[in-house]
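Pasting a structure below so you can have a look.
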Amino acid sequence: MPDIYMVDTGVRDDGVIYKALQSTWAAARDSITGSVSTTYPGHVYGVRASRTPARGGGYAYHVYRSFFQFNTSTIYTRPNSCSFFVFGMTNAGARVNCVKAKAGDNLDAVDYDAIEGWVNGADNGSNVTVYSPESSSWTVIGYNRFDLTDVALDDMVANNTLQICLLHRNDLRNISPTTDEPSGVRFSEYTGTSRDPYLSYMESTDSVFFGANF
């Protein structure tokens with residue numbers, strides 16, 4: 001099964017875009033811009049939707065989303081199957097969702113809500129394009145696996161870049177959190193490739209016949 005590793009280039013990137021220390025859930029979750037972290041080998045808050053005590057009383061809200069942009073320009077035939085693998089770290093509390101992203105070249109502050117079908121203020125469970133079922137558990141000592149949907153397989157052929165966003169269930173569903181249960185994520189900046197995000201796909205077994213009469 002061929003593998004495609006996440007490789008930062010002048011066009012593609014991976015990392016976290018986040019909005020933290022906000023006084024309301026809506027301010028954290030429904031912002032159209034965030035802060036960007038794309039140069040670290042991992043982030044302990046790779047996927048986060050949380051509420052924590054604030055200085056002076058009250059609460060602070062935080063949302064972190066991880067984005068990945070894989071080069072699929074060499075795939076011309078729809079794969080039979082594909083899985084997305086991302087290595088965990090430090091935290092393992094989030095229920096992680098895997099959806100289709102639509103960020104621009106590299107990642108920027110304005111890509112905070114660059115998720116296909118995203119609507120601010122809404123439960124986006126049925127608005128976004130789901131790329132894999134929700135992961136209810138997370139390992140910090142190995143790879144976490146997302147088996148991609150037929151829609152994702154089609155996108156691998158149709159587009160030169162397969163864009164993925166990992167986000168917390170509360171973030172996706174617009175459920176104001178009462179706890180802090182993030183999950184950590186490793187990125188391509190990690191030394192070597194032993195913990196890099198990657199796609200592993202099974203090539204198409206479809207046969208093409210030329211000049212055949214049936």
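Remember, predicted model here, so these are calculated numbers, not experimental data.
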| Do the charged groups of R145 and D147 touch, with an N to O distance under 4.0 Å? |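 A salt bridge is present here (some side-chain N lies under 4.0 Å from a carboxylate O).
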
| task | In plain terms, say whether D155 and K100 are close enough for a salt bridge, that is, a side-chain N and a carboxylate O under 4.0 Å apart. | result |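 A salt bridge links D155 with K100.
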
| query | Is a side-chain N or O of R29 found less than 3.5 angstrom from the main chain of N120, in a donor-acceptor match? | reply |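 Between the backbone of N120 and the side chain of R29 there is no qualifying donor-acceptor contact (under 3.5 Å).
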
| So which heavy atom on N80 is nearest to which on S204, and how close? |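 Between these two residues, the closest heavy atoms are OD1-CA, 3.7 Å.
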
| Is T77 close to V157 at the side-chain level, that is, under 4.5 Å between some pair of heavy atoms? |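 They are not in side-chain contact.
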
| Polar side-chain atom of D108 near backbone of V110 as donor-acceptor pair, under 3.5 Å |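 A pair under 3.5 Å: no.
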
| request: Answer whether the closest heavy-atom distance between the side chains of V86 and L166 falls below 4.5 Å. | output: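 SC-SC contact between V86 and L166 confirmed.
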
| Where do L172 and V128 come nearest, in terms of heavy atoms and distance? |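 So the two residues come closest at CD1-CG2, 3.8 Å.
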
| field | Sub-4.5 Å side-chain heavy-atom contact between Y18 and V63 | value |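 Y18 vs V63: side chains apart.
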
| message | For Y190, does the six-membered ring have the charged nitrogen or CZ of R186 within the cation-pi criterion, i.e. under 6.0 angstrom from the centroid and within 45° of the normal? | response |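 No cation-pi geometry.
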
| request: Check whether Y112 and W25 end up in the same hydrophobic cluster, where Ile, Leu, Val, Met, Phe, Trp and Tyr are linked by side-chain heavy atoms less than 4.5 Å apart. | output: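 They do share one cluster, since a chain of ILVMFWY contacts under 4.5 Å joins Y112 to W25.
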
| said: Going by the rule ring-ring contact (aromatic ring centres under 6.0 Å, His included), which residues pair with F68 if we only count those two or more places apart in sequence or in a different chain? | reply: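 Checked F68 against ring-ring contact (aromatic ring centres under 6.0 Å, His included); matches are F84, F187.
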
| message | On a heavy-atom basis, which atom in G15 and which in L107 lie closest, and how many Å separate them? | response |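 Closest approach of G15 to L107, heavy atoms only: N-CD1, 3.7 Å.
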
| field | N127 side chain to W118 backbone, donor-acceptor under 3.5 Å | value |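 No; judged by distance alone, with no hydrogens or angles, the pair does not exist.
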
| field | Exam field: side chain R65 to backbone C165, donor-acceptor pair closer than 3.5 Å | value |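 Checking the backbone N and O of C165 against the side chain of R65, no donor-acceptor pair under 3.5 Å is found.
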
| said: Assigning hydrophobic clusters by single linkage (Ile, Leu, Val, Met, Phe, Trp, Tyr; side-chain heavy-atom cutoff under 4.5 Å), is V16 placed with V36? | reply: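 No, because V16 and V36 fall into different hydrophobic clusters, even though each may have its own neighbours under 4.5 Å.
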
| Could you give the distance from CZ (F87) to CZ (R195), rounded to the nearest 0.5 Å? |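 It comes to 4.0 Å.
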
| task | Spell out, as yes or no, whether a donor-acceptor pair under 3.5 Å connects the side chain of S50 to the backbone of E181. | result |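 Not a single qualifying donor-acceptor pair exists.
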
| Between Y198 and F70, ring centroids under 6.0 Å |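 No; F70 has its ring centre 6.0 Å or more from that of Y198.
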
| task | Check whether any side-chain heavy atom of P2 sits under 4.5 Å from a side-chain heavy atom of Y201, and report yes or no. | result |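 Yes - at least one pair of side-chain heavy atoms lies under 4.5 Å apart.
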
| message | Going by side chain to side chain donor-acceptor pair (under 3.5 Å), name the residues that satisfy it together with W138, two or more places apart in sequence or in a different chain. | response |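 Result, side chain to side chain donor-acceptor pair (under 3.5 Å) vs W138: none returned.
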
| request: Identify whether V185 and I115 are in the same connected component of the hydrophobic contact network (ILVMFWY, side-chain heavy atoms under 4.5 Å). | output: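 Looking at the clustering, I115 is in a separate group from V185.
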
| field | Main-chain N/O of I75 paired to T72 side chain as donor or acceptor, under 3.5 Å | value |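 No; judged by distance alone, with no hydrogens or angles, the pair does not exist.
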
| query | Would you say T193's side chain and D196's backbone share a donor-acceptor pair under 3.5 angstrom? | reply |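 No.
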
| query | Do other residues, nucleotides or ligands put more than 12 heavy atoms under 6.0 Å from M202 CE? | reply |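 12 or below, so no.
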
| message | If hydrophobic clusters are built from ILVMFWY residues whose side chains come within less than 4.5 Å, do V151 and L199 share one? | response |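 Shared cluster, yes.
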
| Do L162 and V96 belong together in a cluster built from hydrophobic side chains that touch within less than 4.5 Å? |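 Cluster IDs for L162 and V96 match.
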
| query | Is the ring centre of Y64 less than 6.0 Å from the ring centre of H43? | reply |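 Close enough - the centres of the two rings lie under 6.0 Å apart.
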
| request: Carefully, step by step, assess V119 and N124 under the rule side-chain contact (heavy atoms from CB on, under 4.5 Å). | output: CA-CA 7 Å; V119 178; N124 285 308; 3.6 Å; yes

| query | Looking at F85 and S200, what are the two nearest heavy atoms and their distance? | reply |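 Of all heavy-atom pairs spanning F85 and S200, the closest is CE1-CB, 3.9 Å.
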
| message | Please determine whether a side-chain nitrogen of the Lys or Arg among R78 and D150 lies less than 4.0 Å from a carboxylate oxygen of the Asp or Glu. | response |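 Here R78 pairs with D150 in a salt bridge, since their nearest N and O are under 4.0 Å apart.
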
| query | Where the side chain of T161 meets the backbone of Q163, is there a donor-acceptor pair that is under 3.5 Å apart? | reply |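 Side chain of T161 to backbone of Q163, a donor-acceptor pair under 3.5 Å: no, none is there.
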
| message | Between H168 and A94 (side chain of the first, backbone of the second, donor and acceptor by atom type, cut-off under 3.5 Å), is there such a pair? | response |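 Pair absent, no side-chain N/O of H168 close to backbone of A94.
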
| At their closest point, which heavy atom of A27 faces which heavy atom of K19, and how far apart are they? |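 Of all heavy-atom pairs spanning A27 and K19, the closest is O-CG, 3.9 Å.
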
| said: Going by side chain to side chain donor-acceptor pair (under 3.5 Å), name the residues that satisfy it together with S188, two or more places apart in sequence or in a different chain. | reply: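 D8, D14.
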
| message | Given 3.5 Å as the limit, does a donor-acceptor pair link the side chain of Q69 with the main chain of D13, or not? | response |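 Confirmed, Q69 side chain pairs with D13 backbone.
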
| message | To check you understand the geometry: which heavy-atom pair defines the closest contact between S66 and G46, and what is its length? | response |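 Here S66 and G46 meet closest at OG-O, 2.7 Å.
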
| message | Rounded at 0.5 Å granularity, tell me how far OG in S183 sits from CZ in R48. | response |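 S183 atom OG to R48 atom CZ measures 11.5 Å (nearest 0.5 Å).
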
| task | Give a yes or no on whether Y40 atom OH has more than 12 heavy-atom contacts from other residues, nucleotides or ligands under 6.0 Å away. | result |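 12 or below, so no.
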
| said: Return the CG to CZ distance between D171 and R169, rounded to the nearest 0.5 Å. | reply: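 If we round to the nearest 0.5 Å, D171:CG and R169:CZ are 12.0 Å apart.
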
| F146 side chain near S135 side chain, heavy-atom distance below 4.5 Å |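 Touching, per the 4.5 Å side-chain cut-off.
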
| query | Does D180 pair with R51 as a salt bridge, N-O distance under 4.0 Å? | reply |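 Salt bridge: no.
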
| request: Rounded to the nearest 0.5 Å, what's the gap from CZ on R173 to OG on S126? Could you check? | output: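 Taking CZ in R173 and OG in S126, the distance rounds to 7.5 Å.
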
| Between CG on residue N174 and CG on residue D30, distance to nearest 0.5 Å |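 That separation rounds to 6.0 Å.
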
| field | Within 6.0 angstrom of I32 CD1, more than 12 heavy atoms from elsewhere | value |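 It does not: I32 CD1 has 12 such atoms or fewer within range.
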
| In Å and rounded to the nearest 0.5 Å, what is the OH to CD distance from Y76 to E203? |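 The CD atom of E203 is 13.0 Å from OH of Y76, to the nearest 0.5 Å.
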
| message | I'd like to know whether OH of Y59 has more than 12 heavy-atom contacts from other residues, nucleotides or ligands below 6.0 angstrom. | response |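 Atom OH in Y59 is not crowded, with 12 or fewer foreign heavy atoms closer than 6.0 Å.
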
| task | Check whether the side chains of S176 and N170 place a donor and an acceptor atom closer than 3.5 Å, and report yes or no. | result |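 The answer is no; no qualifying pair exists.
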
